[in-house]
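Take a look at the structure set out below.
Since the model is a prediction, treat every value here as computed from it, not as a measurement. The residues of the chain are indexed from 1 along the displayed sequence. As the structure lists them, so they are numbered: ligands from 1, and atoms in each ligand from 1.
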Amino acid sequence: MADQTHCPKQQCSGKLWGGRFAAQTAASVESFTESISYDWRLYRHDIMGSKAHAKMLAKQGLISADERDAIIAGLSEIEQEIREGRFQFRVELEDIHMNIEKALTDKVGAAGEKLHTARSRNDQVALDIRLYLRDEAVCLDQLLADVQRGFVRQARANFGAVMPGYTHMQRAQPVLLAHHLLAYVEMFGRDRERLADCLKRLNVLPLGAAALAGTGLPIDREFVAKELGFPTVSANSMDTTADRDFALEFLFCLTVVQLHLSRMAEEFVLWSSKEFGFLKIGDKYCTGSSIMPQKKNPDIPELIRGKSGRVTGSLMAMLMTMKGLPMTYNRDMQEDKEQLFDALDTVKASLSITAELLANSSFACDRMREATHGGFMTATDLADYLVKKNLPFRQAHRVVGEIVALCQQRGLELDELPLTELRQFSTLIDDDVFAVLSAEGSVNSRVSAGGTAGARVAEALARAEQQLGIA
Ligand code: ARG
(Lines give C-alpha, C1' and ligand atoms only; values in the text may rest on other atoms or scores of the structure.)
Protein backbone atom coordinates (compact mmCIF):
# COMPACT_ATOMS: atom_id res chain seq x y z
CA MET A 1 0.00 0.00 0.00
CA ALA A 2 1.21 3.44 -0.93
CA ASP A 3 0.81 4.85 2.54
CA GLN A 4 3.13 2.25 4.00
CA THR A 5 6.12 3.10 1.81
CA HIS A 6 8.70 5.31 3.42
CA CYS A 7 11.01 7.69 1.66
CA PRO A 8 14.59 6.70 2.62
CA LYS A 9 15.73 10.31 2.76
CA GLN A 10 12.91 11.16 5.08
CA GLN A 11 14.09 8.32 7.29
CA CYS A 12 17.60 9.71 7.13
CA SER A 13 16.77 13.31 8.02
CA GLY A 14 14.02 12.38 10.46
CA LYS A 15 11.95 15.32 9.23
CA LEU A 16 8.33 15.23 8.15
CA TRP A 17 9.39 17.44 5.27
CA GLY A 18 12.65 15.59 4.66
CA GLY A 19 11.87 14.11 1.23
CA ARG A 20 13.81 16.56 -0.90
CA PHE A 21 16.82 16.87 1.39
CA ALA A 22 20.08 14.99 1.00
CA ALA A 23 21.69 16.09 4.25
CA GLN A 24 20.68 16.34 7.90
CA THR A 25 19.78 19.81 9.11
CA ALA A 26 22.65 21.37 11.06
CA ALA A 27 22.08 21.28 14.80
CA SER A 28 22.66 25.05 14.94
CA VAL A 29 19.85 25.52 12.41
CA GLU A 30 17.54 23.33 14.41
CA SER A 31 18.14 25.31 17.54
CA PHE A 32 17.87 28.65 15.72
CA THR A 33 14.61 27.84 13.97
CA GLU A 34 12.76 25.74 16.55
CA SER A 35 9.66 27.03 18.24
CA ILE A 36 8.72 23.95 20.26
CA SER A 37 10.38 25.41 23.37
CA TYR A 38 7.49 27.86 23.56
CA ASP A 39 4.76 26.86 21.11
CA TRP A 40 4.13 23.63 23.05
CA ARG A 41 1.66 25.85 24.88
CA LEU A 42 -0.61 25.56 21.84
CA TYR A 43 -0.93 21.79 22.21
CA ARG A 44 -4.55 21.66 23.35
CA HIS A 45 -5.67 23.96 20.59
CA ASP A 46 -3.53 22.22 17.99
CA ILE A 47 -5.19 18.93 18.92
CA MET A 48 -8.64 20.48 18.99
CA GLY A 49 -8.08 21.80 15.47
CA SER A 50 -6.68 18.48 14.22
CA LYS A 51 -9.66 16.55 15.55
CA ALA A 52 -12.09 18.85 13.76
CA HIS A 53 -9.99 18.57 10.61
CA ALA A 54 -9.98 14.75 10.81
CA LYS A 55 -13.76 14.69 11.22
CA MET A 56 -14.11 16.83 8.14
CA LEU A 57 -11.69 14.67 6.13
CA ALA A 58 -13.76 11.58 6.99
CA LYS A 59 -17.05 13.29 6.20
CA GLN A 60 -15.64 14.26 2.80
CA GLY A 61 -14.40 10.73 2.11
CA LEU A 62 -10.74 11.80 2.21
CA ILE A 63 -10.03 9.37 5.04
CA SER A 64 -12.06 6.43 6.33
CA ALA A 65 -14.15 6.45 9.48
CA ASP A 66 -11.66 4.02 11.05
CA GLU A 67 -8.78 6.29 10.21
CA ARG A 68 -10.65 9.22 11.72
CA ASP A 69 -11.30 7.29 14.91
CA ALA A 70 -7.68 6.19 15.14
CA ILE A 71 -6.51 9.77 14.67
CA ILE A 72 -8.89 11.13 17.28
CA ALA A 73 -8.01 8.44 19.83
CA GLY A 74 -4.29 8.94 19.19
CA LEU A 75 -4.60 12.69 19.57
CA SER A 76 -6.47 12.26 22.86
CA GLU A 77 -3.67 10.06 24.18
CA ILE A 78 -1.07 12.61 23.12
CA GLU A 79 -3.01 15.39 24.81
CA GLN A 80 -3.06 13.44 28.03
CA GLU A 81 0.66 12.65 27.79
CA ILE A 82 1.49 16.32 27.31
CA ARG A 83 -0.82 17.40 30.13
CA GLU A 84 0.78 14.91 32.48
CA GLY A 85 4.31 15.86 31.43
CA ARG A 86 5.01 12.44 29.89
CA PHE A 87 5.45 13.64 26.32
CA GLN A 88 8.94 13.86 24.83
CA PHE A 89 9.14 17.08 22.83
CA ARG A 90 11.82 16.93 20.16
CA VAL A 91 13.63 20.03 18.96
CA GLU A 92 14.45 18.39 15.63
CA LEU A 93 10.70 18.30 14.97
CA GLU A 94 10.68 22.09 15.12
CA ASP A 95 7.27 22.98 16.41
CA ILE A 96 4.17 21.76 18.18
CA HIS A 97 2.44 20.83 14.93
CA MET A 98 5.13 18.41 13.79
CA ASN A 99 5.82 17.06 17.27
CA ILE A 100 2.20 16.05 17.58
CA GLU A 101 1.87 14.78 14.02
CA LYS A 102 4.99 12.63 14.37
CA ALA A 103 3.85 11.22 17.70
CA LEU A 104 0.47 10.46 16.18
CA THR A 105 2.02 8.63 13.26
CA ASP A 106 4.21 6.65 15.64
CA LYS A 107 1.05 5.64 17.49
CA VAL A 108 -1.45 4.98 14.72
CA GLY A 109 0.68 4.53 11.61
CA ALA A 110 -0.60 5.43 8.18
CA ALA A 111 -3.77 7.13 9.42
CA GLY A 112 -1.55 9.66 11.19
CA GLU A 113 0.20 10.41 7.92
CA LYS A 114 -3.15 11.33 6.40
CA LEU A 115 -3.99 13.99 8.96
CA HIS A 116 -2.11 16.72 7.11
CA THR A 117 -4.23 16.18 3.97
CA ALA A 118 -5.51 19.51 2.61
CA ARG A 119 -3.77 21.40 5.37
CA SER A 120 -0.55 23.34 5.76
CA ARG A 121 1.21 24.49 8.89
CA ASN A 122 0.52 27.97 7.56
CA ASP A 123 -3.22 27.72 8.09
CA GLN A 124 -2.75 25.35 11.03
CA VAL A 125 -0.65 27.77 13.07
CA ALA A 126 -3.07 30.60 12.33
CA LEU A 127 -5.87 28.36 13.60
CA ASP A 128 -4.00 27.39 16.76
CA ILE A 129 -3.23 30.96 17.75
CA ARG A 130 -6.77 32.09 17.07
CA LEU A 131 -8.17 29.27 19.19
CA TYR A 132 -5.65 29.98 21.94
CA LEU A 133 -6.34 33.71 22.04
CA ARG A 134 -10.07 33.12 21.99
CA ASP A 135 -9.75 31.22 25.27
CA GLU A 136 -7.35 33.75 26.70
CA ALA A 137 -9.79 36.55 25.92
CA VAL A 138 -12.36 34.87 28.16
CA CYS A 139 -9.82 34.53 30.94
CA LEU A 140 -8.72 38.16 30.59
CA ASP A 141 -12.30 39.33 30.67
CA GLN A 142 -12.80 37.58 34.00
CA LEU A 143 -9.60 39.00 35.45
CA LEU A 144 -10.58 42.48 34.32
CA ALA A 145 -14.00 42.06 35.92
CA ASP A 146 -12.32 41.00 39.18
CA VAL A 147 -10.22 44.15 39.16
CA GLN A 148 -13.32 46.22 38.45
CA ARG A 149 -15.03 44.57 41.42
CA GLY A 150 -12.06 45.45 43.61
CA PHE A 151 -12.44 49.13 42.72
CA VAL A 152 -16.22 49.04 43.14
CA ARG A 153 -15.93 47.48 46.60
CA GLN A 154 -13.50 50.17 47.70
CA ALA A 155 -15.78 52.83 46.24
CA ARG A 156 -18.67 51.44 48.27
CA ALA A 157 -16.61 51.09 51.44
CA ASN A 158 -15.35 54.67 51.20
CA PHE A 159 -18.45 56.28 49.79
CA GLY A 160 -18.68 59.94 50.81
CA ALA A 161 -14.94 60.41 51.36
CA VAL A 162 -13.70 63.63 49.78
CA MET A 163 -10.26 64.09 48.26
CA PRO A 164 -8.44 66.53 46.01
CA GLY A 165 -8.91 65.91 42.31
CA TYR A 166 -5.78 66.78 40.35
CA THR A 167 -4.89 68.22 37.00
CA HIS A 168 -1.20 68.68 36.13
CA MET A 169 -0.64 66.85 39.44
CA GLN A 170 -1.77 70.08 41.16
CA ARG A 171 -4.77 70.18 43.45
CA ALA A 172 -7.65 71.25 41.24
CA GLN A 173 -11.14 70.57 42.60
CA PRO A 174 -12.46 68.38 45.38
CA VAL A 175 -13.97 65.07 44.27
CA LEU A 176 -15.31 61.94 45.88
CA LEU A 177 -12.76 59.16 46.28
CA ALA A 178 -15.49 56.85 44.98
CA HIS A 179 -15.65 58.94 41.80
CA HIS A 180 -11.90 58.59 41.34
CA LEU A 181 -12.07 54.82 41.89
CA LEU A 182 -14.98 54.44 39.51
CA ALA A 183 -12.92 56.16 36.82
CA TYR A 184 -10.75 53.03 36.82
CA VAL A 185 -13.85 50.88 36.54
CA GLU A 186 -14.64 52.77 33.32
CA MET A 187 -11.12 52.25 31.96
CA PHE A 188 -11.16 48.52 32.59
CA GLY A 189 -14.68 48.37 31.19
CA ARG A 190 -13.39 49.82 27.92
CA ASP A 191 -10.58 47.26 27.98
CA ARG A 192 -13.19 44.52 28.14
CA GLU A 193 -15.13 46.05 25.25
CA ARG A 194 -11.96 46.42 23.23
CA LEU A 195 -11.13 42.76 23.73
CA ALA A 196 -14.66 41.74 22.79
CA ASP A 197 -14.32 43.76 19.62
CA CYS A 198 -10.95 42.22 18.83
CA LEU A 199 -12.60 38.84 19.28
CA LYS A 200 -14.90 39.52 16.32
CA ARG A 201 -11.97 39.54 13.91
CA LEU A 202 -10.15 36.82 15.81
CA ASN A 203 -13.11 34.50 15.65
CA VAL A 204 -12.75 33.57 11.98
CA LEU A 205 -11.70 30.12 10.77
CA PRO A 206 -8.39 30.20 8.87
CA LEU A 207 -8.13 26.44 8.28
CA GLY A 208 -8.67 25.48 4.66
CA ALA A 209 -6.48 28.27 3.29
CA ALA A 210 -3.84 25.52 3.15
CA ALA A 211 -0.36 26.78 2.24
CA LEU A 212 -1.60 30.03 0.66
CA ALA A 213 -3.82 29.25 -2.32
CA GLY A 214 -6.51 26.95 -0.97
CA THR A 215 -6.73 23.29 -1.98
CA GLY A 216 -8.05 21.21 -4.84
CA LEU A 217 -9.22 18.52 -2.43
CA PRO A 218 -12.94 18.56 -1.63
CA ILE A 219 -12.85 20.04 1.88
CA ASP A 220 -15.76 21.54 3.83
CA ARG A 221 -14.62 24.62 5.68
CA GLU A 222 -18.07 25.46 7.02
CA PHE A 223 -18.16 22.09 8.76
CA VAL A 224 -14.82 22.74 10.48
CA ALA A 225 -15.96 26.23 11.45
CA LYS A 226 -19.04 24.77 13.08
CA GLU A 227 -17.03 22.09 14.89
CA LEU A 228 -14.72 24.71 16.34
CA GLY A 229 -17.36 27.34 17.03
CA PHE A 230 -16.21 29.90 14.47
CA PRO A 231 -19.11 32.02 13.18
CA THR A 232 -17.38 32.60 9.82
CA VAL A 233 -14.62 31.28 7.57
CA SER A 234 -11.90 33.56 6.20
CA ALA A 235 -12.54 34.93 2.72
CA ASN A 236 -9.15 34.96 1.02
CA SER A 237 -6.60 32.18 1.42
CA MET A 238 -3.63 34.47 0.84
CA ASP A 239 -4.78 37.02 3.38
CA THR A 240 -5.53 34.19 5.78
CA THR A 241 -1.98 32.87 5.85
CA ALA A 242 -0.41 36.34 5.72
CA ASP A 243 -2.56 37.91 8.40
CA ARG A 244 -1.43 38.57 11.96
CA ASP A 245 -3.65 41.61 12.52
CA PHE A 246 -5.45 39.64 15.19
CA ALA A 247 -2.18 39.18 17.08
CA LEU A 248 -1.37 42.88 16.75
CA GLU A 249 -4.83 43.87 17.90
CA PHE A 250 -4.67 41.48 20.80
CA LEU A 251 -1.28 42.85 21.82
CA PHE A 252 -2.66 46.37 21.57
CA CYS A 253 -5.55 45.40 23.84
CA LEU A 254 -3.07 43.93 26.32
CA THR A 255 -0.89 47.01 26.12
CA VAL A 256 -3.78 49.32 26.95
CA VAL A 257 -4.77 47.11 29.90
CA GLN A 258 -1.21 47.26 31.24
CA LEU A 259 -1.07 50.98 30.60
CA HIS A 260 -4.22 51.45 32.67
CA LEU A 261 -2.75 49.28 35.39
CA SER A 262 0.41 51.33 35.22
CA ARG A 263 -1.43 54.62 35.71
CA MET A 264 -3.20 53.13 38.69
CA ALA A 265 0.10 51.80 40.01
CA GLU A 266 1.68 55.24 39.75
CA GLU A 267 -1.10 56.67 41.91
CA PHE A 268 -0.71 53.86 44.42
CA VAL A 269 3.01 54.56 44.67
CA LEU A 270 2.39 58.26 45.20
CA TRP A 271 -0.52 57.77 47.54
CA SER A 272 1.33 55.33 49.76
CA SER A 273 4.21 57.81 50.23
CA LYS A 274 4.58 59.84 53.43
CA GLU A 275 4.06 62.97 51.32
CA PHE A 276 0.55 61.92 50.39
CA GLY A 277 -0.35 59.34 53.01
CA PHE A 278 -3.62 58.59 51.22
CA LEU A 279 -3.20 54.83 50.97
CA LYS A 280 -2.09 52.06 53.27
CA ILE A 281 -1.06 48.87 51.51
CA GLY A 282 -1.30 45.81 53.76
CA ASP A 283 2.02 44.44 55.08
CA LYS A 284 1.52 41.21 53.18
CA TYR A 285 1.54 43.20 49.95
CA CYS A 286 4.61 45.33 50.60
CA THR A 287 8.28 44.53 50.86
CA GLY A 288 11.10 45.87 53.00
CA SER A 289 14.56 47.24 52.33
CA SER A 290 17.67 45.17 52.92
CA ILE A 291 19.48 48.16 54.40
CA MET A 292 16.87 50.61 55.70
CA PRO A 293 14.94 48.93 58.50
CA GLN A 294 12.14 51.48 58.50
CA LYS A 295 11.20 51.01 54.83
CA LYS A 296 7.95 49.59 53.56
CA ASN A 297 8.03 49.69 49.79
CA PRO A 298 5.16 49.52 47.28
CA ASP A 299 6.98 47.02 45.07
CA ILE A 300 3.83 45.52 43.58
CA PRO A 301 2.57 48.73 41.99
CA GLU A 302 6.13 49.61 40.99
CA LEU A 303 6.52 46.32 39.14
CA ILE A 304 3.10 46.64 37.54
CA ARG A 305 4.16 50.07 36.31
CA GLY A 306 7.51 48.71 35.19
CA LYS A 307 6.02 45.80 33.31
CA SER A 308 4.09 48.15 31.06
CA GLY A 309 7.47 48.57 29.33
CA ARG A 310 7.70 44.94 28.33
CA VAL A 311 4.08 44.61 27.24
CA THR A 312 4.39 47.71 25.06
CA GLY A 313 7.66 46.23 23.84
CA SER A 314 5.85 43.09 22.70
CA LEU A 315 3.42 45.15 20.67
CA MET A 316 6.25 47.19 19.14
CA ALA A 317 8.26 44.06 18.37
CA MET A 318 5.33 42.45 16.59
CA LEU A 319 4.51 45.60 14.64
CA MET A 320 8.10 45.73 13.42
CA THR A 321 8.14 42.02 12.63
CA MET A 322 5.12 42.41 10.36
CA LYS A 323 6.32 45.57 8.69
CA GLY A 324 7.44 44.90 5.14
CA LEU A 325 6.51 41.21 5.04
CA PRO A 326 5.47 40.21 1.55
CA MET A 327 2.51 37.91 0.97
CA THR A 328 1.91 35.34 2.37
CA TYR A 329 3.35 33.27 5.23
CA ASN A 330 6.92 34.10 6.17
CA ARG A 331 8.87 32.45 8.94
CA ASP A 332 9.27 35.84 10.59
CA MET A 333 5.72 35.36 11.78
CA GLN A 334 6.81 32.60 14.13
CA GLU A 335 7.96 35.48 16.35
CA ASP A 336 4.32 36.26 17.18
CA LYS A 337 4.00 33.56 19.81
CA GLU A 338 6.71 34.59 22.25
CA GLN A 339 5.43 38.16 22.22
CA LEU A 340 1.84 37.05 22.76
CA PHE A 341 2.69 34.56 25.50
CA ASP A 342 4.92 36.96 27.37
CA ALA A 343 2.44 39.82 27.15
CA LEU A 344 -0.41 37.53 28.22
CA ASP A 345 1.52 36.14 31.19
CA THR A 346 2.51 39.62 32.27
CA VAL A 347 -0.92 41.18 31.98
CA LYS A 348 -2.69 38.25 33.63
CA ALA A 349 -0.26 38.24 36.56
CA SER A 350 -0.57 42.01 36.91
CA LEU A 351 -4.37 41.86 36.88
CA SER A 352 -4.61 39.13 39.44
CA ILE A 353 -2.15 40.76 41.84
CA THR A 354 -4.01 44.05 41.40
CA ALA A 355 -7.25 42.43 42.54
CA GLU A 356 -5.43 41.18 45.65
CA LEU A 357 -3.78 44.53 46.21
CA LEU A 358 -7.12 46.32 46.10
CA ALA A 359 -8.62 43.94 48.62
CA ASN A 360 -5.65 44.46 50.94
CA SER A 361 -5.33 48.23 50.87
CA SER A 362 -7.14 50.89 52.80
CA PHE A 363 -7.63 54.57 52.14
CA ALA A 364 -6.78 57.23 54.72
CA CYS A 365 -9.95 59.27 54.25
CA ASP A 366 -9.01 61.80 56.95
CA ARG A 367 -5.74 62.59 55.23
CA MET A 368 -7.52 62.97 51.92
CA ARG A 369 -10.11 65.28 53.44
CA GLU A 370 -7.32 67.37 55.01
CA ALA A 371 -5.62 67.66 51.65
CA THR A 372 -8.67 69.40 50.21
CA HIS A 373 -7.74 72.32 52.50
CA GLY A 374 -5.17 74.63 51.05
CA GLY A 375 -4.81 75.30 47.38
CA PHE A 376 -8.07 77.25 46.95
CA MET A 377 -9.73 74.23 45.42
CA THR A 378 -13.17 75.79 45.57
CA ALA A 379 -12.20 78.87 43.54
CA THR A 380 -14.15 77.58 40.53
CA ASP A 381 -17.16 77.11 42.79
CA LEU A 382 -16.92 80.74 43.83
CA ALA A 383 -16.76 81.79 40.19
CA ASP A 384 -19.76 79.58 39.36
CA TYR A 385 -21.58 81.14 42.33
CA LEU A 386 -21.09 84.56 40.77
CA VAL A 387 -22.14 83.25 37.36
CA LYS A 388 -25.37 82.03 38.91
CA LYS A 389 -25.86 85.62 40.07
CA ASN A 390 -25.54 86.68 36.45
CA LEU A 391 -21.93 87.88 36.37
CA PRO A 392 -20.30 86.90 33.04
CA PHE A 393 -17.87 83.99 33.62
CA ARG A 394 -14.76 85.92 32.53
CA GLN A 395 -15.51 88.69 35.01
CA ALA A 396 -16.22 86.14 37.73
CA HIS A 397 -12.90 84.45 36.94
CA ARG A 398 -11.08 87.78 37.36
CA VAL A 399 -12.86 88.64 40.62
CA VAL A 400 -12.05 85.26 42.15
CA GLY A 401 -8.46 85.54 40.94
CA GLU A 402 -8.15 88.79 42.91
CA ILE A 403 -9.70 87.19 45.99
CA VAL A 404 -7.25 84.27 45.74
CA ALA A 405 -4.33 86.71 45.49
CA LEU A 406 -5.47 88.47 48.67
CA CYS A 407 -5.93 85.16 50.51
CA GLN A 408 -2.48 84.11 49.47
CA GLN A 409 -1.02 87.37 50.79
CA ARG A 410 -2.77 86.89 54.11
CA GLY A 411 -2.22 83.15 54.38
CA LEU A 412 -5.95 82.46 54.46
CA GLU A 413 -8.23 79.97 52.76
CA LEU A 414 -11.20 81.22 50.71
CA ASP A 415 -13.72 80.31 53.41
CA GLU A 416 -11.62 82.11 56.04
CA LEU A 417 -12.05 85.55 54.51
CA PRO A 418 -14.90 87.46 56.24
CA LEU A 419 -17.98 88.23 54.19
CA THR A 420 -17.40 92.00 54.42
CA GLU A 421 -14.03 91.59 52.74
CA LEU A 422 -15.42 89.25 50.12
CA ARG A 423 -18.10 91.83 49.31
CA GLN A 424 -15.43 94.40 48.54
CA PHE A 425 -14.68 92.36 45.44
CA SER A 426 -18.32 91.88 44.48
CA THR A 427 -21.55 92.87 46.13
CA LEU A 428 -23.14 89.84 44.52
CA ILE A 429 -21.53 87.78 47.29
CA ASP A 430 -23.87 87.00 50.23
CA ASP A 431 -23.57 84.76 53.26
CA ASP A 432 -24.88 81.78 51.26
CA VAL A 433 -21.42 81.76 49.68
CA PHE A 434 -19.88 79.67 52.47
CA ALA A 435 -21.96 76.67 51.50
CA VAL A 436 -20.18 76.52 48.14
CA LEU A 437 -16.73 77.14 49.59
CA SER A 438 -16.53 73.87 51.53
CA ALA A 439 -15.17 70.74 49.88
CA GLU A 440 -18.43 68.86 50.45
CA GLY A 441 -20.48 71.77 49.12
CA SER A 442 -18.28 71.91 46.05
CA VAL A 443 -18.50 68.18 45.41
CA ASN A 444 -22.23 68.03 45.84
CA SER A 445 -22.84 70.94 43.53
CA ARG A 446 -21.37 69.02 40.59
CA VAL A 447 -24.55 67.29 39.60
CA SER A 448 -23.97 67.28 35.84
CA ALA A 449 -24.19 63.86 34.21
CA GLY A 450 -20.97 62.02 35.01
CA GLY A 451 -20.08 64.58 37.70
CA THR A 452 -18.74 63.96 41.19
CA ALA A 453 -21.83 64.94 43.21
CA GLY A 454 -22.82 62.26 45.73
CA ALA A 455 -26.11 61.67 43.94
CA ARG A 456 -24.42 61.06 40.57
CA VAL A 457 -21.70 58.85 42.02
CA ALA A 458 -24.28 56.83 43.95
CA GLU A 459 -26.06 56.11 40.66
CA ALA A 460 -22.81 55.19 38.92
CA LEU A 461 -21.83 52.94 41.80
CA ALA A 462 -25.18 51.15 41.82
CA ARG A 463 -24.94 50.66 38.06
CA ALA A 464 -21.44 49.23 38.34
CA GLU A 465 -22.46 46.92 41.17
CA GLN A 466 -25.35 45.65 39.13
CA GLN A 467 -23.25 45.10 35.99
CA LEU A 468 -20.56 43.30 37.95
CA GLY A 469 -22.96 41.15 39.94
CA ILE A 470 -22.10 42.62 43.33
CA ALA A 471 -24.98 42.15 45.74
N1 ARG B 1 6.35 27.09 13.68
C2 ARG B 1 5.78 27.82 12.60
C3 ARG B 1 5.26 29.17 13.11
O4 ARG B 1 5.15 29.28 14.25
C5 ARG B 1 4.64 27.07 12.00
C6 ARG B 1 4.39 27.40 10.57
C7 ARG B 1 5.55 26.97 9.77
N8 ARG B 1 5.30 26.97 8.39
C9 ARG B 1 6.24 26.78 7.50
N10 ARG B 1 5.92 26.80 6.27
N11 ARG B 1 7.49 26.61 7.87
O12 ARG B 1 4.98 30.06 12.37
### Query
Residues in side chain to side chain contact (heavy atoms under 4.5 Å, CB included) with Thr312, at least two apart?
Thr255, Met316
### Query
Can you tell me if Ser234 uses its side chain to pair, donor with acceptor, with the backbone of Leu205 under 3.5 Å?
yes
### Query
Less than 4.0 Å between a side-chain N and a carboxylate O, is that true for Asp220 and Lys59?
yes
### Task
State the OG-CG distance between Ser352 and Leu143, to the nearest 0.5 angstrom.
6.0 Å
### Message
Residue by residue, ordered by chain and number, which ones reach under 4.0 Å of ligand 1 with a heavy atom?
### Response
Ser35, Asp95, His97, Arg121, Asn122, Val125, Tyr329, Gln334, Lys337
### Query
Salt-bridged, Asp336 to Arg244, with N to O below 4.0 Å?
yes
### Message
On the six-membered ring of Phe230, is Arg134 placed so that its NZ or CZ lies under 6.0 angstrom from the centre and within 45° of the ring axis?
### Response
yes
